[in-house]
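Keep in mind the model is a prediction, meaning the values are calculated, not measured.
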Amino acid sequence: MIRMAVAGAVGFVLVFLESYLVMILKGYKTIEFGGISPFVGVWAMNFFLAFAILTHMKLWFDERAQAREDAPAEP
């Protein structure tokens, strides 16, 4: 549940970072998304990207913690 909330916020921030990058590179003053539907589409792509990265990080941390528990204690 926390991953979904974080991915939603990160996806929203990424939309604005990407827009800002396009404005700088192309020399635009504003960005027109063309309505709410294209904006939500871009946000959804960013959401799933962030969610996939966060899921991978969670699995990596869980695997690492399990490896530490299974490791023999040092004398």
Side-chain angles (χ1 to χ4, degrees):
M1 193 70 158
I2 292 174
R3 274 183 293 157
M4 289 179 66
V6 171
V10 169
F12 194 72
V13 169
L14 281 175
V15 170
F16 291 104
L17 289 176
E18 292 164 354
S19 300
Y20 184 67
L21 185 65
V22 167
M23 288 187 334
I24 288 173
L25 293 176
K26 298 232 179 199
Y28 294 161
K29 300 291 182 203
T30 61
I31 295 284
E32 176 64 37
F33 286 103
I36 192 73
S37 180
F39 180 81
V40 169
V42 172
W43 173 80
M45 287 187 289
N46 289 330
F47 169 83
F48 287 114
L49 173 68
F51 188 78
I53 291 170
L54 290 170
T55 300
H56 184 74
M57 288 174 56
K58 179 187 180 302
L59 293 174
W60 180 73
F61 281 123
D62 290 346
E63 182 179 305
R64 190 172 171 192
Q66 184 66 36
R68 285 186 181 172
E69 288 177 8
D70 293 342
E74 293 185 28

* Asked: Phe61: what forms a ring pair (Phe, Tyr, Trp, His ring centres under 6.0 Å) with it, not counting sequence neighbours?
  -> none
* Asked: Taking only residues two or more places apart in sequence, or in another chain, which ones meet Glu69 in a side-chain contact (heavy atoms from CB on, under 4.5 Å)?
  -> Gln66
* To do: Taking atom CE of Met4 as the centre, report whether more than 12 heavy atoms of other residues, nucleotides or ligands fall under 6.0 Å from it.
  => no
* Asked: Has Phe33 got more than 12 heavy atoms of other residues, nucleotides or ligands less than 6.0 Å from its CZ?
  -> yes
* Answer with yes or no whether the hydrophobic clustering places Phe48 together with Phe12; edges join I, L, V, M, F, W, Y residues whose side-chain heavy atoms lie under 4.5 Å apart. => yes
* To do: Sort and list the pairs that fulfil side chain to side chain donor-acceptor pair (under 3.5 Å) and have at least one residue in residues 17-35, not counting sequence neighbours.
  => Glu18-Asn46
* Structure fact -> Students should find that the hydrophobic cluster of Leu21, defined by side-chain heavy atoms under 4.5 Å apart, otherwise consists of Leu25
* Hydrophobic cluster membership, Leu17 vs Val40, 4.5 Å side-chain cutoff -> no
* Nearest heavy-atom neighbours spanning Trp43 and Val15 -> CA-CG2, 3.7 Å
* Which residues pass the salt bridge (charged side-chain N to carboxylate O under 4.0 Å, His left out) test with Asp62, sequence neighbours left out? -> Lys58
* Report yes or no: do Met45 and Val22 belong to one cluster of Ile/Leu/Val/Met/Phe/Trp/Tyr joined by side chain heavy-atom distances under 4.5 Å? => yes
* Hey, any chance Phe16 and Met23 share a hydrophobic cluster, counting ILVMFWY side chains that come within less than 4.5 Å of each other, even indirectly? -> yes
* Those residues that, when tested against Ala7, pass side-chain contact (heavy atoms from CB on, under 4.5 Å) (two or more places apart) -> Phe47, Ala50, Phe51, Leu54
* Under a single-linkage definition using a 4.5 Å side-chain heavy-atom cutoff for Ile, Leu, Val, Met, Phe, Trp and Tyr, are Leu49 and Val42 assigned to the same hydrophobic cluster? -> no
* Between OG1 on residue Thr55 and CZ on residue Arg3, distance to nearest 0.5 Å -> 4.0 Å
